[in-house]
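In what follows, chains are A, B, ... by sequence order, proteins preceding strands, each numbered from 1.
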2 protein chains.
Amino acid sequence: MATRTAAQQREQARSAYDAFLRDCPTNQLLDRLSDKWVSLVVSALAPGPLRYSDLARRIAGVSPKMLTQTLRTLERDGILTRTVTPSVPVRVDYELTPLGRNLALLLTAVKDWAENHFDEVHAARLRYDADNTGA
Amino acid sequence: MATRTAAQQREQARSAYDAFLRDCPTNQLLDRLSDKWVSLVVSALAPGPLRYSDLARRIAGVSPKMLTQTLRTLERDGILTRTVTPSVPVRVDYELTPLGRNLALLLTAVKDWAENHFDEVHAARLRYDADNTGA
DNA sequence: CGGTATCCTATTGGATACTG
DNA sequence: CAGTATCCAATAGGATACCG
């Protein structure tokens, strides 16, 4: 079971990316992933494929501009696929790729965290604001 | 061990927050968490407390403005604590709260994902751009 | 249905200089 | 050391109207 030396070490070294460095490309990628629209779109697609209008309805209040922009970027990044069915009228389905499903595990976790811990955060805000009132 | 019925069900119902809804407060919270600076600060503090200047050095290229702004917001939200030691010169330490450490597990996972899957994303971009050149 | 195009405002965030 | 304050350029993102 100790066959993880040279090959694994090279593997480690090869992905010597560090998102803490401003000029590292992974820093920009982290910036892209750290986007509310990305979180919502990827989370929405986690259970299964959806059409454009389904997504628009699910992500309440998203403008067509932001929805399309986010979908295009995620398609380009290999997170999801866009499938056009040339019926009348047209039908377009969006589906996570294996890479996207992998990412979805993390992003839905963040979204769920926000939902599950909002009360604690809210309480912390009230405490902070109370302590810093007129002090 | 089967004492998780009524109380737990109410617990579930009580946190009926849905971040997909624009006007749900958790949507705003998700927006806050979906921030590159938040990810980096929380990830940087995951191993242990750091001083202001340590953070500035670790998160290469962050401006004092963004660093302070991010730290204040996270402090208000109960994610981290700020401890001033009135020595000469002053010493200020930032440390994750239990809530923050919990969140850090998720955010460092996203940061690590960016580092570990950048090559795949980059390859996808090249493919996308090649397919959409002059087409 | 599934977008695109344009306009316009608000916010983000870097650079810079100064302070207790 | 650990910020604060100010200015300003760039970007995000909503509203709206139109198109294949």
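Counting non-hydrogen atoms of other residues, nucleotides and ligands closer than 6.0 Å to CZ of A/R101 gives a total above 12.
The side chain of B/R51 places no N or O atom within less than 4.0 Å of a non-bridging phosphate oxygen (OP1 or OP2) of D/dC1. Within the 4.0 Å cut-off from OP1 or OP2 of D/dA2, not a single side-chain nitrogen or oxygen of B/R82 is found. At C/dT4, none of the side-chain N or O atoms of A/Y52 fall inside 4.0 Å of OP1 or OP2 (strictly under the cut-off). For B/T68, no side-chain nitrogen or oxygen approaches OP1 or OP2 of D/dG3 to under 4.0 Å.
Ring geometry for B/Y52 against B/Y94 counts as tilted: the plane angle lies between 30° and 60°, on a 0 to 90° scale.
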Evaluate the criterion side-chain contact (heavy atoms from CB on, under 4.5 Å) for residue pair B/L33 and B/L29; output intermediate values, then yes/no. CA-CA 6 Å; B/L33 301 180; B/L29 179 56; 4.3 Å; yes

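For A/R22, the side-chain atoms get nearest to C/dA15 when compared with the rest of D/dA2, D/dG3, C/dA15.
At whole-Å resolution of the value, CG in A/L71 and P in D/dG13 are 14 Å apart. When the P atom of D/dG3 is taken as reference, atom CG of B/L50 falls 13 Å away, rounded to whole Å. Between the CG atom of B/D35 and the P atom of C/dT12 there is a distance of 9 Å, rounded to whole Å. Taking atom CG on B/D54 and atom P on D/dC1, their separation rounds to 10 Å, with Å as the unit. Rounded to an integer number of Å, the gap from CG of A/D93 to P of C/dC1 is 14 Å. With rounding to whole Å, B/M66 atom CE is found 16 Å from D/dC7 atom C1'. D/dA5 atom P lies 12 Å from atom NZ of B/K65, rounded to whole Å. The distance from atom CG of A/L67 to atom P of C/dC1 is 14 Å, rounded to the nearest whole Å.
For the side chain to side chain contact (heavy atoms under 4.5 Å, CB included) criterion with B/V62, the lone passing option out of B/L55, B/T68, B/L40, B/L67 is B/L67.
Mapping A/P64 and B/W37 onto DNA chain C by nearest heavy atom places A/P64 closer to the 5' end of the strand. Take the nearest nucleotide of DNA chain D for A/V90 and for A/K36: the residue whose nucleotide is more 5' is A/K36.
Proximity of a side-chain donor or acceptor of B/D77 to a complementary backbone N or O of B/I79 within less than 3.5 Å is not detected.
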